[in-house]
Each structure stands twice: as C-alpha cells, then as structure tokens.
Amino acid sequence: MARLRVGVLISGRGSNLQALIDAAATPAYPAEIALVISNRLEAQGLQRAAQAGVPHEAIPARDRAAFAAAADAALRRHRIELIALAGFMRLLDTGFVEAWQDRMVNIHPSLLPAFPGLHPQRQALLAGARFSGCTVHFVRPEMDTGPIIAQAVVPVRDDDDEERLAARILAAEHQLYPLAVRLYAEGRLRIGGNRVTVAGGMTADIAALNPAA
Ligand code: GRF
C-alpha cells in the first residue's frame, strides 16, 4: 500500500524530524518523509534531510504570506498529504493553516493546554508542576491550540533545571511523534470538535508512555 506522504516544517536542530525519518526507515511504517522545509537556511535539520536523501528546501522569506505561498507550492509539488511541524518557530499565515486544516499536526513540549507558547519547560518549573510532557495536536490558527491526538507524561524532578527537564521531555517527543503520525497514516483519527478519538483505541505503545493510562 502507498505510504502517506509527510512534509516536515522545521526551523532548527531537527531532532524530531530525525525521529520521524528513523521511524519511516522501516518499510512497514505507514508514512514516508517526502519533503522537509525550513524557514532558516542554517537549520541543522536540513543536513539531516540531506543525509537521509529526503528532498529539502529552505524558504527564508521574511514575509509571512510569502513564506506561506512558497511553502504551499512546494508541498503541493511534492504531493504532500500531511504536514508535521517539528520545531517550526514561526507563526503561520491563517489562510495556510485553514487550507491544511486537519492535515497539519504539531508537537509541543508541554501537556497542552498547560504552558503554550515559548519556553514551556521553564513555565512548568516556575509553576511548580510535578508532571509535564509533550503533546501532538492538530494545528489551528491560534498558537498551540487544536484537537489533541496524543500526549506523553514525564515527571518534573526536584533537582531539575530547564535543560534537564527539556532533555527528558525531548526523549518522550522522539517516541510520541512517530506513534501519532502512524495513527494518522492508518486513518484512525476522528475529530469531533476539540476531541480526537482513535479508532480501535489508543495503541499500547502510546499507553506505555503514560504509566497511569
Ligand atoms: C521540540 O521541543 C518541539 O517540541 C518544539 O521545539 C523543539 C524542536 O526540537 N516545538 P527539534 O528541532 O525537533 O530538535
């Protein structure tokens, strides 16, 4: 069966992109990374794409609408079916978000709706949260909102600083994102208002990321 064609939008390091590339290296994985777009020329993720033989483009447009037009054209040219934002640090044009409604997902390093926006790990520490984690969700025009597909919980330890907590959350992100994209690629996600249900139930591997589930 044809694999789902995923386009990944990045701005920097690209470790989540790498996790998706690594997952897709297994032929049985139902999605392939068919295009990587960066809004920054120097993004390390572009090198990861090159190394993996994935088509990649930098679109360093200053203007939001110009970026959206160029990105949209590239995504359509490469017949992309799902956009995965992975450390894409720029607000997207509303028309672009609407055009890709329910076909664009994002990963955020907190348990949304807690701690949206910048520095969510710092926010979790400042709030004294005992648990944080990461969220994969469908993208809506308002930043870090949208129906939640899957989450993974990590503990916040007494001696954590921002860096240690971020590293623990990032390790969970690298597991969660490929699993969530798999659910989408398998056609198992149903969106009803703000809620997503998973046909056949949440998978054991996602439940395993959340010991309380
Ligand atoms: C991740 O923590 C992601 O959740 C957030 O930005 C970071 C990107 O890291 N949106 P990387 O570029 O995937 O390494």
Side-chain angles (χ1 to χ4, degrees), residues 6-25 31 33 35-52 54 56-60 67 71 82-92 96-97 100 104-127 129 131-156 160-182 184 206 209-210:
V6 179
V8 183
L9 265 57
I10 60 165
S11 297
R13 181 177 56 182
S15 69
N16 278 291
L17 164 67
Q18 189 68 55
L20 291 169
I21 288 173
D22 292 347
I33 309 308
L35 178 65
V36 172
I37 293 176
S38 170
N39 66 318
R40 291 178 55 231
L41 282 168
E42 65 279 16
Q44 193 196 336
L46 287 171
Q47 291 159 34
R48 297 178 190 269
Q51 260 159 27
V54 174
H56 51 283
E57 288 185 23
I59 303 178
F67 175 85
L82 174 72
I83 299 175
L85 306 181
F88 183 72
M89 302 303 286
R90 196 175 172 177
L91 266 183
L92 284 163
F96 180 90
V97 175
W100 288 88
M104 176 155 60
V105 296
N106 178 45
I107 188 158
H108 181 78
S110 76
L111 296 175
L112 291 173
F115 316 134
L118 290 175
H119 308 301
Q121 303 92 342
R122 191 185 304 169
Q123 293 185 54
L125 288 170
L126 287 172
F131 293 91
S132 190
C134 51
T135 303
V136 178
H137 63 97
F138 285 105
V139 175
R140 295 290 181 261
E142 207 179 318
M143 195 177 40
D144 299 327
T145 66
I148 290 171
I149 299 168
Q151 295 184 305
V153 179
V154 307
V156 180
D160 270 351
D161 56 16
E162 202 177 332
E163 202 180 323
R164 269 194 296 269
L165 178 58
R168 191 175 308 121
I169 293 174
L170 193 65
E173 292 182 50
H174 295 162
Q175 296 186 62
L176 186 70
Y177 215 177
L179 296 175
V181 169
R182 167 191 283 279
Y184 183 97
I206 290 182
L209 288 172
N210 299 294

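All of these numbers come straight from a predicted model, not from anything done at the bench. Each ligand, and each atom within it, is numbered from 1 in the order the structure gives.
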Note the single closest protein heavy atom to [atom], along with its residue, its atom name and the distance in Å.
| atom | result |
| --- | --- |
| atom 8 (C) of ligand 1 | G87 CA, 3.5 Å |
| atom 2 (O) of ligand 1 | E173 OE2, 2.9 Å |
| atom 12 (O) of ligand 1 | G14 N, 2.8 Å |
| atom 9 (O) of ligand 1 | R13 NH2, 3.0 Å |
| atom 5 (C) of ligand 1 | P109 CD, 3.8 Å |

request  = Look only at the side chain of S132 and the backbone of S110, and say whether a donor-acceptor pair between them is shorter than 3.5 Å.
outcome  =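 Side chain of S132 to backbone of S110, a donor-acceptor pair under 3.5 Å: no, none is there.
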query = Judged by atom type as modelled, is there a donor-acceptor pair below 3.5 Å linking the side chain of S38 to the main-chain atoms of L46?
reply =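 No; zero donor-acceptor contacts below 3.5 Å.
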task = Would you mind telling me which of Q44, H174, E173, R48 makes a side chain to side chain donor-acceptor pair (under 3.5 Å) with S15?
result =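 Considering Q44, H174, E173, R48, a side chain to side chain donor-acceptor pair (under 3.5 Å) with S15 is found only for H174.
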ask   = What pairs with F67 under ring-ring contact (aromatic ring centres under 6.0 Å, His included), at least two apart in sequence or on another chain?
value =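 Listed in chain order: F88.
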query = side-chain hydrogen bond (donor to acceptor under 3.5 Å, both in side chains) with H56: which residues, sequence neighbours excluded?
reply =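 If we apply the side-chain hydrogen bond (donor to acceptor under 3.5 Å, both in side chains) test to H56, skipping adjacent residues, there are no hits.
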message = Test your reading of the structure: does N106 have an N or O sitting under 3.5 Å from an N or O of ligand 1?
response =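 In fact, backbone or side chain, N106 has no N or O that close.
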inquiry  = Heavy-atom contact check, 4.0 Å cutoff: does I107 meet ligand 1?
reply    =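 A heavy atom of I107 does come that close to ligand 1.
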